[in-house]
Amino acid sequence: VPVGSGSSGGVQWSRSSGALRFSLTAQGRVCFPSGAAGDAYYEIGGNLYYDSEHLRYEDLFDTGFGAVLEADLLHTLGGKSGGGIRMGGYVALEGSWFEGDTATDRYGNRVTPDDLALGTFLGGFKTSMPLGGPVFGEFRIGFGATRYEEVKADLRSFVKDDGKGFVSA
């Protein structure tokens, strides 16, 4: 599930020694599900139905919440401990939680997924630069992995070939 972050807030603890700074940050955030959920295949009564409408994650899940715990070790270029460009590595553990919502496609098929929980580990390179006052810019590049459980859903579908209307699967 591609996730866009919205508002976030958090706390940071840091220790500096010369040009090195270690920090630990905890944040909470509002998460917005986004992107195409992919093609949908439904099996009803032994028949396979295909829907190319591409339901979107924001149709299937409500806005959620997330939490991040990040540690970084950054070196200040030029040896200044109070400011300047900082570069180094970071690792982050993230969690995002979304409540399932009911989505209906153009044929009247209704899908109600269970809730979704994502766990993510990221690590890589980070640079940070003060832009004046409390404002700063960051650039990150890294690799990671995301884990999530299978999400089951209730499906109510209109089956055209048997004339009985909605069936529950």
(message) Does either side chain, that of Ser96 or that of Arg29, offer a donor lying less than 3.5 Å from an acceptor on the other one?
(response) yes

(request) Determine, stepwise, if the pair Tyr90 / Thr25 fulfils side-chain contact (heavy atoms from CB on, under 4.5 Å). (result) CA-CA 11 Å; Tyr90 77 97; Thr25 305; over 6 Å; no

(request) Could you grab the distance from atom OG1 of Thr63 to atom CZ of Phe98, nearest 0.5 Å is fine? (result) 8.5 Å

(message) Using every non-hydrogen atom in the two residues, find where Gly100 and Asp62 come nearest and quote the distance to one decimal.
(response) O-OD2, 4.3 Å

(request) Examine Leu93 and Trp97 and state if one hydrophobic cluster contains both, with Ile, Leu, Val, Met, Phe, Trp and Tyr joined whenever side-chain heavy atoms are less than 4.5 Å apart. (result) no

(message) Looking at every heavy atom in both Met87 and Leu77, which two are closest together, and how far apart are they?
(response) SD-CD1, 4.1 Å

(request) Grab the two heavy atoms, one from Pro33 and one from Phe61, that are nearest each other, plus how far apart they are. (result) CG-O, 3.5 Å

(message) If I take atom CG from residue Asp101 and atom OH from residue Tyr57, how far apart are they, to the nearest 0.5 angstrom?
(response) 15.5 Å

(request) Can you label the angle between the Phe22 ring and the Trp13 ring as parallel, tilted or perpendicular, going by 30° and 60°? (result) perpendicular

(message) Testing the basics here: between Ala71 and Leu24, what is the closest heavy-atom pair and its distance to 0.1 Å?
(response) CB-CD1, 4.0 Å

(message) Under 4.5 Å between side-chain heavy atoms, counting indirect links through other Ile/Leu/Val/Met/Phe/Trp/Tyr residues: same cluster for Phe143 and Ile141 or not?
(response) no

(request) Using the rule that two of Ile, Leu, Val, Met, Phe, Trp, Tyr join whenever any of their side-chain heavy atoms come within less than 4.5 Å, decide whether Leu74 and Ile85 are in one cluster. (result) no

(request) Provide the closest heavy-atom pair for Glu58 versus Ser34 in the form atom of the first, atom of the second, distance. (result) OE1-CA, 3.1 Å

(message) Hydrophobic clustering (ILVMFWY, side-chain heavy atoms < 4.5 Å, transitive) - are Val30 and Phe65 grouped together?
(response) no

(request) Could you tell me whether Phe125 atom CZ has more than 12 heavy atoms of other residues or ligands within 6.0 Å of it? (result) yes

(request) Verify side-chain contact (heavy atoms from CB on, under 4.5 Å) between Arg140 and Lys126, making sure each step is shown before the conclusion. (result) CA-CA 4 Å; Arg140 300 165 187 247; Lys126 172 181 174 179; 3.6 Å; yes

(request) Determine the minimum heavy-atom distance between Leu122 and Gly144, stating which atoms define it. (result) CD2-CA, 3.9 Å

(request) For the pair Asp114 (side chain) and Ala153 (backbone), establish whether a donor and an acceptor sit closer than 3.5 Å, ignoring hydrogens and angles. (result) no

(request) Working to the nearest 0.5 Å, report the span between CZ of Phe136 and CG of Leu131. (result) 9.0 Å

(request) Spell out, as yes or no, whether a donor-acceptor pair under 3.5 Å connects the side chain of Thr127 to the backbone of Arg86. (result) yes

(request) Using the rule that two of Ile, Leu, Val, Met, Phe, Trp, Tyr join whenever any of their side-chain heavy atoms come within less than 4.5 Å, decide whether Val135 and Phe139 are in one cluster. (result) yes

(message) Check this for me: does any side-chain nitrogen of one of Asp154 and Arg110 sit under 4.0 Å from a carboxylate oxygen of the other?
(response) no

(message) What's the separation between atom CG in Leu116 and atom CD in Glu149, rounded to the nearest 0.5 Å?
(response) 10.0 Å

(request) Measure the spacing between CG of Leu20 and CZ of Arg15 and express it to the nearest 0.5 Å. (result) 14.5 Å

(request) Under the side-chain contact (heavy atoms from CB on, under 4.5 Å) rule, what do Thr76 and Arg21 come out as? Steps first, then yes or no, please. (result) CA-CA 8 Å; Thr76 303; Arg21 184 194 80 177; 5.6 Å; no

(message) Measuring from atom CD of Glu138 to atom CG of Asp72, what distance do you get when rounded to the nearest 0.5 angstrom?
(response) 8.0 Å

